[in-house]
Amino acid sequence: MSVSPITWPAKDFSRVPFSIYHDPAVYLDELDKIFHGPTWNYLALEAELPNPGDFITTLLGETSVIVSRDAEGRVHAFVNRCKHRGATLRREACGNAKSHTCIYHQWAYSLDGRLQSVPFAKGMKGEGGLPKDFDKSSIRLDMLTVEVYKGVVFASFSPAAEPLADYLGPAVIAELDRLFARKVKVLGYQRQRIFGNWKLYNDNVRDPNHGGLLHMFHATFGLYRLSQVGGAKMDGKHRHNITYNQLGSDDTADNAGYDGTTKVFQEGYQLLDKSMLEYKRDYPDMVSLVILSVFPSVVFQQIANSLCTRQIRPRGVDEVELYWTYFGYEDDSEEMTRHRLLQANLAGPGGYISMEDGEAVQLVHETSARAQAQHALVEIGGTGEIKDAKNLISEVPIRGFWSYYCELMGFEAGTPRNQARVVNQEAA
Ligand SMILES: [Fe+2]
């Protein structure tokens, strides 16, 4: 049941209704129209399933999905649910198998999701078993469309989804080409629960502005400052975003523009061991940080030499899980692998520069729940046209996220669903 009106009073999405983070009916609609809709969702890195028979289980929206490599090396994805009585087929996080067998009645499926065998299909002594006209070949697990780009496995539930390359667009493809030019190896995983709506995390990663303000470690030690060379690039539909910056491209004087009432970094702080800050150049360009957010459920991260994917898994209207997969490159030296593992401490649930994101999401979620007829204000970086920025003092990509979200959800901005009940003075 909707607890408050959902209104989009500004056509440029510079006002975001707080109720959008809390309405259980909207949440159910999102699972359908977004996660099961015409979007492409990150499932895994191919490096996680290198051999025939390798599989992993993951989530797309709230649906458990098996990613399975068959004997010929093809990657398939299907819903982790037996076609017989609906039981979860695989409970393991990963493994290697010749088939996928349900523990309930041992219906077995091939590595490409086809029903292979049913125990006692012919019954015993002419009694019981499946009917004679039962067509085993007509039964297959619910298949997703899979496309693999540079070793990254994406899938879609919807046959209406555009081709993956069109969905991502040239700017995102260029970033994936950069990040996945070399073969990757997985270094480890982290998981975390944040007590906030999944879209608040999407807001967070499309907000270059907060990076230099909330994350004091970042700003104090110079990994990311709003005064540095950087910006935000989007795809044609503004649904994806690339935030980037260059380490060492500013000096302390550049921060003079601040009015002194806020602290943009801790003066005088030093690290005795500076290896946590060291960027050993991985790519031909000078970019030392990339936060690439692909709508609706993945972030690709380069923070200095710390590389990972962050999968966004909605867990009800009030919770989101992040699944962090850290990786390096196959041809990394042992020393480089150690360096990446050290810098893995920058991100993740207790990361020096990402721990605060969970707290910020929770602060907004908790407090906005009590003001659901009001709206968030998104004007930093300008109102009106949604366009790329060549600086970091911008939250325009957040408006980009909402514009595509509303397109999929069928919300029309600028024409409140229930004009009479708009009570937020900012909406006028
Ligand atoms: Fe952040």
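For ligands, and for the atoms within them, numbers begin at 1 and follow the listed sequence.
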OG of S394 to NZ of K387: how many Å apart, nearest 0.5 Å?
10.5 Å
So, W198 versus Y201, ring centres under 6.0 angstrom or not?
no
Give a yes-or-no answer on whether the side chains of [X] and [Y] include a donor-acceptor pair shorter than 3.5 Å.
| X | Y | result |
| --- | --- | --- |
| Q192 | W324 | yes |
| R91 | T57 | no |
| R182 | Y329 | no |

For R69, what residues pass the side-chain contact (heavy atoms from CB on, under 4.5 Å) criterion, not counting sequence neighbours?
E46, L49, V75
Heteroatom count (protein N, O or S) under 2.8 Å of the Fe ion (ligand 1):
4
